[in-house]
Amino acid sequence: MLLEQMIVLFLLMGVGFFCYKKSLITDEVSKKLSSIVVNVANPALVLTACMGEEKIRGEELLTTVVIMGVMYPALLLLGVILPRALRVEKRARGTYSAMTVFSNIGFMGFPVITALYGNGALLYATPFVIIYNVLIYTYGVSSIRGDKETERGKGSFAFKELLNPGMISCIITIIIYLLDMKVPAFLQDAVTHLSNLTAPLSMMIIGASLAVMDVKRLFTDGKLLVFSVIKLLLVPIAGIFIIARFVENPVILGVCMVMLATPVGSMNAMLAQQYDGDYETASKGVALTTILSVATMPLIATLML
């Protein structure tokens with residue numbers, strides 16, 4: 001199942017690669033497609049998290065919230081420490097920080113969770129997705145855009161710029177989720193169709209970026225390789241080992257494992273292109289960790305579950 005999912009990812013990247021070589025995707029088109037993903041498709045994907053009929057409540061919701069309250073601050077702290085420990089150049093630190101925190105939990109994580117535990121397990125993943133997207137449209141944007149802002153001496157961008165379409169969709173999602181509001185079926189269908197654009201467009205853009213990149217450099221970039229080992233092996237093993245000391249529910253443990261073990265999310269590259277960040281590093285991070293995760297995710301699942 002995991003291998004099939006990886007093949008889908010690589011096929012989509014291959015289409016983007018081919019389209020760039022045939023000039024169907026240019027640098028300008030790629031940036032506009034990134035804008036569509038960041039401002040339309042992914043916000044729609046966020047909204048789908050609150051549109052199911054069932055939602056977790058009570059003790060299970062509390063357990064999930066407590067895990068998120070520990071896991072994400074730990075990842076944010078690691079995102080500050082790791083780039084400096086690896087002596088990453090200043091211009092790429094923000095991108096490395098974002099890649100540390102934000103994994104491919106949607107397109108890759110959800111199918112894996114469904115295959116392991118059934119569709120019902122996605123209920124436990126929904127709160128993670130909501131908080132994940134709140135963070136990616138605040139901390140993620142700030143980190144990635146900060147790479148360029150620091151060089152210009154402008155510092156952090158204005159708070160009002162956080163009120164982007166992605167953040168607005170997060171706020172709406174939280175309101176709908178907490179108030180248990182019913183969304184009309186026709187709106188659900190429209191939002192779902194838009195959300196389905198996220199995976200193919202983002203992976204095609206990554207493929208297009210590989211068309212102008214020396215792929216051999218993916219496996220000769222020492223810092224990126226060390227980062228990938230930490231991201232794909234050490235972080236999920238340590239995380240699940242700690243969480244398992246306090247949580248007995250195997251489904252919640254499995255969801256946490258997938259949240260931590262998936263490779264760098266393609267949204268890191270989309271945001272880097274949208275906000276003039278270090279797009280090359282983000283694209284390389286997505287591509288390399290996606291390739292390596294073919295081996296690391298099954299290994300983590302075998303060791304921890």
Side-chain angles (χ1 to χ4, degrees), residues 1-2 5-6 9 49 56 60-61 63-83 85-86 95-117 121-136 139-140 143 224-268 282 285-286 288-305:
M1 179 278 304
L2 182 58
Q5 196 64 26
M6 303 306 297
L9 285 170
I56 62 171
E60 292 178 329
L61 178 59
T63 299
T64 305
V65 170
V66 170
I67 292 173
M68 289 189 302
V70 175
M71 187 175 80
Y72 279 117
L75 288 174
L76 291 171
L77 179 61
L78 182 62
V80 173
I81 296 172
L82 188 55
L86 294 176
T95 301
Y96 267 83
S97 295
M99 292 194 301
T100 302
V101 179
F102 304 112
S103 302
N104 197 349
I105 64 174
F107 186 54
M108 185 178 295
F110 280 16
V112 173
I113 291 172
T114 302
L116 290 174
Y117 302 105
L122 293 179
L123 295 175
Y124 297 98
T126 299
F128 284 95
V129 173
I130 295 173
I131 299 304
Y132 174 100
N133 281 281
V134 169
L135 288 172
I136 201 169
Y139 174 81
S143 296
L224 191 59
L225 282 170
V226 173
F227 167 82
S228 299
V229 170
I230 295 172
K231 167 78 175 172
L232 298 176
L233 288 175
L234 300 186
V235 170
I237 289 174
I240 298 304
F241 178 81
I242 294 171
I243 294 171
R245 306 281 76 78
F246 305 97
V247 177
E248 296 182 356
N249 187 318
V251 179
I252 294 179
L253 283 175
V255 169
C256 291
M257 183 275 293
V258 174
M259 297 292 105
L260 291 170
T262 45
V264 171
S266 58
M267 274 297 291
N268 290 282
V286 173
L288 180 60
T289 56
T290 299
I291 293 169
L292 296 178
S293 66
V294 176
T296 60
M297 285 189 69
L299 177 61
I300 295 296
T302 300
L303 291 174
M304 307 305 297
L305 300 180

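Atoms considered below: every heavy atom in the structure, side chains included; atoms not considered: hydrogens, waters and symmetry mates.
- I131 contributes atom CD1, which lies 13.5 Å from atom CD1 of I136 (distance to the nearest 0.5 angstrom).
- The line from CD1 of I237 to CD1 of I242 is 12.0 Å long, rounded to the nearest 0.5 Å.
- Of all the heavy atoms in P263 and T290, the pair that sits closest is CB-N, 3.6 Å.
- Taking every heavy atom of both residues into account, Y139 and G79 meet most closely at OH-C, 4.4 Å.
- Counting all heavy atoms, side chain and backbone alike, T289 lies closest to S228 at CG2-OG, 3.5 Å.
- For the atom pair L299 CG and L232 CG, the distance stands at 10.5 Å (nearest 0.5 Å).
- L76 has its side chain within reach of V101: a pair of non-hydrogen atoms, C-beta onward, lies under 4.5 Å apart.
- Residues F227 and L288 have side chains not in contact (no heavy-atom distance under 4.5 Å, counting atoms from C-beta outward).
- In this structure, the side chains of L135 and F102 come closer than 4.5 Å at one or more pairs of heavy atoms.
- For the pair Y96 and L224, the minimum side-chain heavy-atom distance is below 4.5 Å.
- In this structure, the side-chain contact (heavy atoms from CB on, under 4.5 Å) partners of V65, at least two apart in sequence or on a different chain, are L61, M68.
- The shortest distance between side-chain heavy atoms of S143 and T95 does not fall below 4.5 Å.
- Between M259 and Y132, the closest side-chain pair of non-hydrogen atoms is not below 4.5 Å.
- Between K231 and V264 the shortest side-chain heavy-atom distance falls below 4.5 Å.
- Atom CG of N249 is separated from atom OG1 of T63 by 8.0 Å, given to the nearest 0.5 angstrom.
- The CD1 atom of I67 lies 5.5 Å from the CD1 atom of I243; values are rounded to the nearest 0.5 Å.
- A distance of 11.0 Å separates CG of L86 from CG of L225, quoted to the nearest 0.5 Å.
- Closest approach of L260 to G239, counting heavy atoms only: CD1-CA, 4.0 Å.
- Here the side chains of S293 and T262 are not in contact, with every heavy-atom distance at 4.5 Å or above.
- The shortest heavy-atom contact between C256 and I240 is C-CD1, 3.7 Å.
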